[in-house]
**Q** 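My questions all concern the structure below.
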Amino acid sequence: MRRSSTWLSTIVWPSWRPRSVCCSWPSVSCAAASRRIDANRLRAQIGFPDGTPAAVTEEAADRLERAAFAVAKKLSPPGKSIVELVNTTVGQVVAAGEVGPDARAGGSHVAGVNVELVEAEQREVTSEQFISEWRKAAGDFPGIDKLVFGTENIGPGGKAIEFKLLAPSDEEGVRQLEAAVERCKEWMAQYPGVIDIDDDSRPGKWEYQVRIKPRAEAMGVSLGDLAATIRSSYYGEEVMRLQRGRHEVKLMVRYPREERRSLATLDEVRVTGPDGTQRPVSELADVTIVRGYNEINRLGQKRSITVIADIDVATSSLTSSQVTGDMARRLMPGLLEEFPLVRVRWEGEQEQTKESLDSLAVGFVVATFAMFVLLTMEFKSYFQPLLILAIIPFGCAGAVFGHALMGMPLTLFSMFGLVALSGVVVNDSIVLIDFINARVREGKPLRQALREAGCVRFRPVFLTSITTIGGLSPLLFETSFQAQFLIPMATALAFGLATTTLLVLVLVPVMYSFFGTSAREEHEEEYDAGTTAGSSADPDEAEREWLPDHLREPVAR
């Protein structure tokens, strides 16, 4: 028993120690969201205020294109370029894989530059490194609304940092909402590595806003009457339709072209009241020139503005969970207290990751319970299935150690691998325990059954695991773009299986020896029935004949 306790302390402590060390490394964080996958298609999207001439936008797009070629020349090896194609569009921007208001934008004020790199195995520069250098080479653009660099969005997830601020649609609510958005953007700009800070509240074109005076309402003139008169004056009012052959021609009545081309005549537009009196617009309403919104978004009958940002993983070690967690802890309580009408809703990468991890946790519990039920039916015991499932935490520790050894963070696909690993690592324990039960059922002593299990089942256990790990090894070192999704999953499976293969041959016999008394008593009657009364056969004789010389123990005579 003392020897078994020594083995157990020797095995358990090293298996848990790497896990505690790996979990303390900054690069290994279970809260990390999805790993940045190296992409071949990069994009830069620039947007000016609505109404900007196309010539200004085209000049900015040419500057982005020249910066992309300069970075390609800088990072490419001699005699070979890592850029295959550069495409520039002005007036229409489509972000592949993106959703939301910025997925498709049109107008003379937007432009985009798309860069296609060679395959990942043909270059030593990652897409994030290229984007970081591209952003530096492009520099600043005065007067822009936004400038975003990124890759095509592939797979689940969203923006690295994304949240919505909500407020009522009245004047005070909109004022607080806009002030809160600016405060959040200023706060995020303080984090090193947080880039492309933006929101979806775009300023629109200059417009005339008409607010009717109380005096006009007393006269019976409504805002609808005022708006209809102004529309008829500039756009026209249909009075009749003329038949010209097979077609009908609308006859519109409106102000002459010279008066319609000048907004100075707006104050002179006459509005007819209920009493038939015509009064100028300036007498009935207040007209102000303001800049409206390009679009207005609402969620749950409240005005919403989405704030987004990205993280430059090439120059910063921050993760999105660290930034959003710090904002939720330090910024949001004071912000919501200062602006009581504003509410926050976290979205993007954090929301998608949380939903995926919650569903994975439920699936893992269901799968573990199903394995327990099946093992209970097979072994007719409630304890032995727990003994088999006890190896799962050690497999998870090996998977975490493998991620630290490979220098990659835990991702959502790593979680998929851990769930799959829980169903694979129990196979070796099942093989050993089934063999031990068979030997005990035959009447052999427990200590002999444990030794035989380790010797006889070593080769099947080892070969099963080594063939699985060997099959996953090519995927671990694959550099192609398509394989980047599966590498974290393969890492979890390979290293978790390698760890449990080494531990299960020691841990399962040791734990069985500690808690296997019930199994031994269960089969004791079968052993006694197989032993003749008065037999002087030594129960350890078979052990000494079967085991190798160095494993045999002398029997005291």
Side-chain angles (χ1 to χ4, degrees), residues 47-57 91 101-102 105-110 142-146 165 167-182 198-239 250-298 301-306 341:
F48 287 89
D50 197 359
T52 301
V56 177
T57 309
D102 290 337
S108 62
H109 62 291
V110 296
I144 63 173
D145 276 346
K146 72 169 185 176
L165 295 180
S169 299
D170 55 18
E171 184 176 353
E172 178 62 19
V174 173
R175 186 195 66 81
Q176 293 189 16
L177 179 62
E178 293 178 346
V181 168
E182 294 301 322
D198 195 15
D199 63 81
D200 62 353
S201 178
R202 302 273 181 252
K205 297 181 179 180
W206 293 98
E207 61 187 19
Y208 282 76
Q209 290 187 357
V210 181
R211 186 183 299 273
I212 195 168
K213 295 180 179 180
R215 176 185 175 186
E217 294 179 345
M219 295 178 184
V221 179
S222 65
L223 184 60
D225 297 334
L226 189 66
T229 302
I230 296 176
R231 182 181 186 276
S232 300
S233 302
Y234 287 88
Y235 178 75
E237 182 73 19
E238 180 181 347
V239 294
K250 294 180 181 180
L251 181 61
M252 308 288 291
V253 177
R254 55 190 176 186
Y255 278 16
R257 180 183 297 272
E258 293 76 12
E259 297 184 14
R260 285 188 286 113
R261 296 185 62 179
S262 174
L263 293 176
T265 59
L266 178 63
D267 294 338
E268 302 300 327
V269 174
R270 299 285 175 170
V271 181
T272 303
D275 56 355
T277 306
Q278 294 185 344
R279 296 177 177 86
V281 172
S282 58
E283 183 179 342
L284 301 175
D286 295 325
V287 181
T288 56
I289 303 176
V290 296
R291 190 165 195 169
Y293 295 97
N294 188 23
E295 60 183 15
I296 296 177
N297 300 310
R298 288 185 173 87
Q301 299 182 352
K302 288 188 176 182
R303 183 77 171 271
S304 70
I305 297 180
T306 304
L341 299 179

**Q** Could you pull out all donor-acceptor pairs under 3.5 Å where a side-chain atom in residues 213-221 meets a protein atom, sequence neighbours excluded?
**A**
from, atom 1, to, atom 2, distance (Å)
K213, NZ, S282, O, 3.1
R215, NH2, E283, OE2, 3.4

**Q** Of all the heavy-atom pairs spanning V210 and L223, show the shortest one and how long it is.
**A**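 Scanning both residues completely, I find the closest heavy atoms to be O-CD1, 4.0 Å.
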
**Q** Considering residues at least two apart in sequence or located in another chain, which fulfil the salt bridge (Lys or Arg N to Asp or Glu O under 4.0 Å) criterion with E171?
**A** none

**Q** Please name all residues satisfying side-chain contact (heavy atoms from CB on, under 4.5 Å) with S201, sequence neighbours left out, ordered by chain then number.
**A** D199, Y293, I305

**Q** Mind checking whether T272 and T229 have side chains closer than 4.5 Å, heavy atoms only?
**A**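 Answer no - side chains too far apart.
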
**Q** Output all residues satisfying side-chain contact (heavy atoms from CB on, under 4.5 Å) with I144, sequence neighbours left out; order by chain, then residue number.
**A** I46, F48, F141, L147

**Q** Supply the atom-to-atom distance D170 CG to R175 CZ, rounded to the nearest 0.5 angstrom.
**A** 10.5 Å

**Q** Output all residues satisfying side-chain contact (heavy atoms from CB on, under 4.5 Å) with E182, sequence neighbours left out; order by chain, then residue number.
**A**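 Scan of E182 (side-chain contact (heavy atoms from CB on, under 4.5 Å), adjacent residues dropped) gives K185.
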
**Q** For the OG1 atom of T288 and the CD atom of Q209, what is their distance to the nearest 0.5 Å?
**A**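 With rounding to 0.5 Å, OG1 (T288) is 5.0 Å from CD (Q209).
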
**Q** So, does S108 use its side chain to make a donor-acceptor pair with the main chain of T52 at under 3.5 Å?
**A**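 Pair found, side chain donor or acceptor close to backbone of T52.
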
**Q** I need the minimum non-hydrogen distance between L341 and Q176, along with the two atoms involved.
**A**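 So the minimum-distance heavy-atom pair works out to N-OE1, 3.1 Å.
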
**Q** Pairs of donor and acceptor atoms involving the side chains of residues 250-257, under 3.5 Å and at least two apart or interchain, shall be tabulated with distances.
**A**
from, atom 1, to, atom 2, distance (Å)
R254, NH1, Y235, O, 3.1

**Q** Atom CG in D198, atom NZ in K146: separation rounded to 0.5 Å?
**A** 6.0 Å

**Q** What are the two closest non-hydrogen atoms of S169 and K302, and how far apart are they?
**A** OG-C, 4.3 Å

**Q** Check P49 against D145 and note the closest heavy-atom contact, atom names and distance.
**A** CA-OD2, 3.3 Å

**Q** Does D275 have any side chain to side chain donor-acceptor pair (under 3.5 Å) partners at least two apart in sequence or in another chain, and if so, which?
**A** T277

**Q** To check you understand the geometry: which heavy-atom pair defines the closest contact between L284 and I212, and what is its length?
**A** O-CG1, 3.5 Å

**Q** Going by the rule side chain to side chain donor-acceptor pair (under 3.5 Å), which residues pair with Y208 if we only count those two or more places apart in sequence or in a different chain?
**A** none

**Q** Report yes if some heavy atom in the side chain of N297 is under 4.5 Å from a heavy atom in the side chain of D200; otherwise report no.
**A**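 Result yes, sub-4.5 Å side-chain heavy-atom pair found.
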
**Q** The criterion is side-chain contact (heavy atoms from CB on, under 4.5 Å); which residues satisfy it with Q301, sequence neighbours excluded?
**A**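 Result, side-chain contact (heavy atoms from CB on, under 4.5 Å) vs Q301: none returned.
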
**Q** If the condition is side chain to side chain donor-acceptor pair (under 3.5 Å), which residues does D225 pass it with, not counting sequence neighbours?
**A** S222

**Q** Please list, chain by chain and in numerical order, all residues satisfying side chain to side chain donor-acceptor pair (under 3.5 Å) with E258, sequence neighbours excluded.
**A**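 Partners of E258 by the side chain to side chain donor-acceptor pair (under 3.5 Å) criterion come out as none, since no residue qualifies.
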
